[in-house]
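In the text below, chain A, chain B and the rest are named by the order of the sequence lines, each starting its count at 1. It should be emphasised that the depicted structure is a prediction, and the values quoted were computed from it without experimental measurement. Heavy-atom basis, side chains included; hydrogens, waters and symmetry copies ignored.
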2 protein chains.
Amino acid sequence: MTAIIVAGVQYHALCNPVIFLDNKQMNFITFPEPQLRSFTEQVFLKMGCSEADATLAADVLLRSDLRGIDSHGVARLVGYVRLWEKGRINATPNIRVVHETPTTATVDGDAGLGLVVAPFAMKLAIEKAKIYGSGWVSVKNSNHFGIAGYHSLLATEHDMIGISMTNASPLVAPTYANERLLGTNPMCYAFPAGKYPPVVVDMATSAAANGKLEIAQRAGKAIPEGWAQDKDGRPSTDPNQLKAGGSLLPLGGDKDHGSHKGFGLSATVDILSAVLSGANYGPWVPPFVAFMEPSANPVGEGIGHFFGAMRIDGFRPADDFKHHLDNWIETFRNARPVDPAQRVIIPGEPETAFEQERAINGIPLIDAVVNDLNELATKLGVAALG
Amino acid sequence: MTAIIVAGVQYHALCNPVIFLDNKQMNFITFPEPQLRSFTEQVFLKMGCSEADATLAADVLLRSDLRGIDSHGVARLVGYVRLWEKGRINATPNIRVVHETPTTATVDGDAGLGLVVAPFAMKLAIEKAKIYGSGWVSVKNSNHFGIAGYHSLLATEHDMIGISMTNASPLVAPTYANERLLGTNPMCYAFPAGKYPPVVVDMATSAAANGKLEIAQRAGKAIPEGWAQDKDGRPSTDPNQLKAGGSLLPLGGDKDHGSHKGFGLSATVDILSAVLSGANYGPWVPPFVAFMEPSANPVGEGIGHFFGAMRIDGFRPADDFKHHLDNWIETFRNARPVDPAQRVIIPGEPETAFEQERAINGIPLIDAVVNDLNELATKLGVAALG
């Protein structure tokens, strides 16, 4: 389960605590996508979401599972419900524009599901781009928005370039610091191609995601240097150090390897998402987990996101762009490989491969996740997954 | 010369072949900034640039020297002249908008100095942002534009967020490849603060810049793992391997350490700068050096840049943003350090420290650069630096 092969190319599993596990005793149960989608919609409806919101929120989560990013899919459904139970997610938000120019806006998510707030904001950016060429929306008072790629891809459907980012609970120490001040703060750029799927750069700005440490922890394996430091700020290859007061590290790992760049990218995400919108930034970003309380002295509202959409034909005819992006893709795919068995992977290609495979063969969930979801079903009065 | 101390904080030298050198036998000659500026203007005038263009191009180069990024300052003046001599830089370009919407545009640089083309494009983005909230300009048919930070900072002077990026001659191999397909492709984001200088994230998307390898090479020192690979695609700590057919590596270094993210960022720069504008991308980007010929079968025109400007008050009142960015800066500066002697450095802070120090004390150049400039002076009939 750690990799799939499509058309002769091996795709390694993504940032994915489920399929990364090499534990052969782990039991997977595979569900057809429509079954999980329907289940997820039912849960959101039970939370009090509108039909439209439940459908949309389920679509974001299921797209994550389909694209092989299981860490951000239905495995997180229980987390959203717990935050709603704590009153930290508003199932019936009044999402609204609170500040605006022709091509910019700030959206107040009213503590709604990020899964619903984010598409609202991206669609606003797209509508502005339709009229003026580009649209840019910063969001405050939101929650976890799922995978960044979902939102960027909304723009590519309109022959636009899509940009999305979000800040997140602090786990990452800036270069030289021994303090968690930044989230894994992902940024995503999506570009529509011609005969190929979109190029989607969707990446945490940390060296590695938390989920990868959890996997190493369960497997009792060391992690590469540069992923984490211990509570004293020393580089560590022990995955247990994060939970023992350590920190994740920015992309680059240490100063010699460019961690100030990862820090700079993460700072960019934090500033565009939160300092610009009026959300919480840095250490004030509220935790995604219900068992940790948000700051008693917040500097803003909720977490922040940032979205952009630019019409391709605002720069050159869309067909010209797509023709050249196809050529770009072919050039990079066909680059001379170091190892003939592993060619260059275009950003977004693994997700597309998973999406095609799982749409047909279903979505595998580990039994622990299935048990969680069935407990949730019982509690909310929804039919169990079985 | 490898670091300066301002207000008790030590700033390590930037990506900077001059001041990085630990060679004590290297002679530095320090010039007052106005003298170097006047000299540089004279050289551009001798190339046939207009007064305005010569002043602007010199301003871009001198700002780089002031900001401590000597690799992109007057040390490159000879390189621009050589490309002009080869007919690859047009000293009197007709820089023009060839495609446009209210907030987007493509600019044809007419093979002009990137030092002149880039400010033209950024100013266009700023003018669009004044009216519509944001402006975005992709550029083709340009040349090396100096430091990205110069252009982004033009926007911060108008209480806007400034974004700039450029592609560059191929030196970097994508993850899994043994072929140079990408430049060091920098991206830069600049944010205006209140009582502090702007936050400026200005970074190559490769693990390290070429200049750093040259320094290690001259010093006979090994480079960290993750910066380069040899001609067979094997990781190498030998700085000589780049010139022996090897490649630089993307930020992250290898897959385990996130090099696919550095590749994704570099790809983003390449696509926004060149696939979007109609410039050359990937392996077709023309070399900055005159002794290497551009591709005989280009896929576009010249090299490409991308610029963006967004009005802060398109999202929230500028004073609110600046107040919170000041708080962000203070929070990160005051983070608990790993080593009490080295606090967190805010992106852009070293450049500001150099700029303040060098405006007073002058700009140190190594004697080899001074000799080059004096030879140039003789050839062009300009008064030598002395």
Side-chain angles (χ1 to χ4, degrees), chain A residues 99 101-104 106 132-134 136 138 174-179 181 189 191 199 201 203 207-208 224 226 233 251-253 256-258 260-261 264-265 267-268 271 275-278 281-283 299 310-311 314-316 321 324-325 327-328 331-332 335-338 342-345 347, chain B residues 99 101-104 106 132-134 136 138 174-179 181 189 191 199 201 203 207-208 224 226 233 251-253 256-258 260-261 264-265 267-268 271 275-278 281-283 299 310-311 314-316 321 324-325 327-328 331-332 335-338 342-345 347:
Chain A
H99 197 102
T101 71
T103 67
T104 65
T106 296
Y132 297 104
S134 71
W136 305 87
S138 195
T175 305
Y176 299 136
N178 187 21
E179 192 176 341
L181 292 181
Y189 298 84
F191 304 94
V199 173
V201 177
M203 50 172 270
L251 176 59
D256 263 358
H257 295 86
H260 55 297
K261 299 180 183 186
L265 292 169
T268 297
I271 295 169
V275 179
L276 193 55
S277 67
Y281 45 82
V299 293
M310 292 189 288
R311 276 169 58 172
F315 298 92
R316 73 188 302 188
F321 175 87
H324 279 287
L325 191 54
N327 186 43
W328 189 98
T331 303
F332 280 77
R336 188 168 63 246
V338 173
Q342 180 66 65
R343 71 156 166 79
V344 169
I345 303 295
Chain B
H99 197 103
T101 72
T103 68
T104 64
T106 295
Y132 297 104
S134 71
W136 305 87
S138 195
T175 305
Y176 298 135
N178 186 22
E179 193 175 341
L181 291 182
Y189 298 85
F191 304 94
V199 173
V201 177
M203 49 172 271
L251 177 59
D256 263 357
H257 295 86
H260 54 297
K261 299 180 183 186
L265 292 169
T268 297
I271 295 168
V275 179
L276 193 55
S277 66
Y281 45 81
V299 293
M310 292 189 289
R311 276 169 57 172
F315 297 93
R316 73 187 304 188
F321 175 87
H324 280 286
L325 190 55
N327 185 43
W328 189 98
T331 302
F332 281 76
R336 189 168 62 246
V338 172
Q342 181 67 65
R343 69 157 167 78
V344 169
I345 303 295

Worksheet entry | Heavy-atom proximity to chain B below 4.5 Å, by part of A/V201 | side chain
Discussion item. Nearest 0.5 Å, please: how far is CG in A/L181 from CH2 in B/W328?
Written reply: 8.5 Å
Fill in: Residue pair B/S134 / A/T103, side-chain donor-acceptor N/O under 3.5 Å
yes
Fill in: B/T101 side, atom OG1; B/W136 side, atom CH2 - distance, nearest 0.5 Å
12.5 Å
Discussion item. Looking only at heavy atoms and a cut-off of under 4.5 Å, which of B/G314, B/P102, B/G133 has the most pairs with chain A?
Written reply: B/G314
Practice prompt. Any chance you could lay out the side-chain contact (heavy atoms from CB on, under 4.5 Å) test for A/L276 and B/F191, step after step, and finish with the verdict?
Written response: CA-CA 10 Å; A/L276 193 55; B/F191 304 94; over 6 Å; no
Discussion item. Out of B/L265, B/V199, B/T268, return the one with the most heavy atom pairs under 4.5 angstrom to chain A.
Written reply: B/T268
Fill in: Region of A/H260 in contact with chain B, defined by heavy-atom distances below 4.5 Å
neither
Worksheet item: Counting heavy-atom pairs under 4.5 Å to chain B, which of A/A207, A/P337, A/G258 comes out on top?
Response: A/P337
Worksheet entry | Pair A/T331-B/V299, side-chain contact (heavy atoms from CB on, under 4.5 Å): steps then yes or no | CA-CA 12 Å; A/T331 303; B/V299 293; over 6 Å; no
Item to complete: Might you work through the side-chain contact (heavy atoms from CB on, under 4.5 Å) test for B/F332 and A/E179, ending with a clear yes or no?
Response: CA-CA 9 Å; B/F332 281 76; A/E179 192 176 341; over 6 Å; no
Fill in: Atom pair OH/CD1 of B/Y189 and A/I271 - distance to nearest 0.5 Å
11.5 Å
Response to the item:
Among B/L251, B/V275, B/T106, the residue with the most heavy-atom pairs under 4.5 Å to chain A is B/V275
Worksheet entry | Side chain, backbone, both or neither of A/T175 within contact of chain B (heavy atoms, under 4.5 Å) | backbone
Worksheet item: Given a strict heavy-atom distance threshold of 4.5 Å, which part of A/Y281 is in contact with chain B: side chain, backbone, both, or neither?
Response: side chain
Worksheet item: Who wins among A/A335, A/G278, A/A177 for the most heavy-atom pairs under 4.5 Å with chain B?
Response: A/A177
